[in-house]
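Order of appearance sets the numbers: ligands from 1, and atoms from 1 within every ligand.
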Amino acid sequence: MTEEPNDATPFLPDSRTLSALREAAAGCRGCHLWRAATQTVFGEGLKRSRVMLVGEQPGDKEDLAGAPFVGPAGRELDRGLLSAGIARDEAYVTNVVKHFKFEERGRRRIHQTPKRFEVEACKPWLDQEMDVVEPEALVLLGATAAKALLGSSFRLTQHRGELLDSELAPIVAATIHPSAILRERDDDARSAAREAFAEDLRVVAAALTP
Ligand code: SF4
């Protein structure tokens, strides 16, 4: 049996525009995750977006739709952005891993956290997105995204909602993944998590140049 590749780099196009990257990513076979997923879910948004939000990987709905943050977590993201005064159409949204990783339980597909080697394999796509968009603010959603870009020693619980010292962008911050709001045990806990998420995004919004 031939070994699976573990690097998206050979699939990068010569032309580094968002449309060329998106088209090339659709055919990426840089790791094994494309096999079970429906399609590549590339980032969405305009090149001139001032804010880039990076999640972990597409979920079930995103895998079927072929677009990031269109499911329940996407609705939480939209609420947070609205509350912080960041227009969704001014934001570029993407994930560190572009294919849905899951396990099947009956008819359900249950999210599985990507492993470090899968994140590393896929990262060339995110690096290209960041180079093309050059966002003023980079917001990392959840521990997988934060660790992928800030290093494995980064502790989200200690530094969420802070403006971080990083060369990745003029403004860099990390917060929870909006799906964490949905996993809270009851309405009160969900409301509190929603407000804390919006507050983290407000810190970013306040730091943007007027
Ligand atoms: S997860 Fe990333 S590296 Fe792996 S096949 Fe999909 S796009 Fe390529």
Side-chain angles (χ1 to χ4, degrees), residues 1-47 49 52-74 77 91-105 108-135 138-152 154 156 168-169 174 176-180:
M1 198 175 114
T2 50
E3 213 174 294
E4 287 277 0
N6 190 36
D7 183 6
T9 307
F11 298 89
L12 296 177
D14 293 335
S15 163
R16 304 292 164 92
T17 63
L18 285 178
S19 56
L21 287 164
R22 168 189 294 277
E23 204 175 304
C28 183
R29 304 290 182 258
C31 77
H32 70 112
L33 289 178
W34 68 274
R35 293 182 184 280
T38 307
Q39 58 195 316
T40 305
V41 180
F42 201 67
E44 260 191 16
L46 301 173
K47 179 180 172 344
S49 300
M52 180 182 276
L53 298 122
V54 183
E56 180 193 271
Q57 62 160 349
D60 182 66
K61 297 277 188 302
E62 287 80 8
D63 170 77
L64 297 173
F69 289 99
V70 294
L77 177 61
Y92 186 94
V93 291
T94 191
N95 289 296
V96 286
V97 170
K98 309 292 197 236
H99 274 106
F100 180 35
K101 183 180 181 187
F102 60 93
E103 62 174 334
E104 284 178 311
R105 277 193 219 148
R108 296 183 63 208
R109 303 191 300 170
I110 309 296
H111 158 275
Q112 279 192 314
T113 304
K115 294 207 179 331
R116 184 83 207 158
F117 78 90
E118 293 156 344
V119 169
E120 284 302 321
C122 207
K123 196 157 166 292
W125 295 116
L126 178 60
D127 290 340
Q128 292 299 319
E129 289 174 294
M130 286 174 25
D131 276 359
V132 173
V133 177
E134 283 191 293
L138 179 69
V139 184
L140 308 171
L141 303 171
T144 302
K147 285 175 187 287
L149 287 167
L150 300 172
S152 56
F154 181 78
L156 184 60
L168 293 169
I176 57 165
H177 192 282
S179 62

Verify, without hydrogens or angle tests, whether T40 (side chain) and A25 (backbone) share a donor-acceptor contact under 3.5 angstrom.
yes
To the nearest 0.5 angstrom, please state how far the CD1 atom of I176 sits from the CG atom of L156.
8.5 Å
If you apply the rule salt bridge (Lys or Arg N to Asp or Glu O under 4.0 Å), what do you find for R16 with E129, and how did you get there?
CA-CA 9 Å; R16 304 292 164 92; E129 289 174 294; over 6 Å; no
Give every protein N, O or S atom lying under 2.8 Å from atom 4 (Fe) of ligand 1, naming each by residue and atom.
C31 SG
Taking all non-hydrogen atoms of both residues, which atom of V54 and which atom of N95 are closest, and how far apart?
CG1-C, 4.1 Å
For F42, is the NZ or CZ atom of R22 found under 6.0 angstrom from the centre of its six-membered ring and inside 45 degrees of the ring axis?
no
May I ask you to identify, for W125, whether its side chain, its backbone, both or neither come under 4.0 Å of ligand 1 on a heavy-atom basis?
side chain
Applying side-chain contact (heavy atoms from CB on, under 4.5 Å) to S152 and not counting sequence neighbours gives none
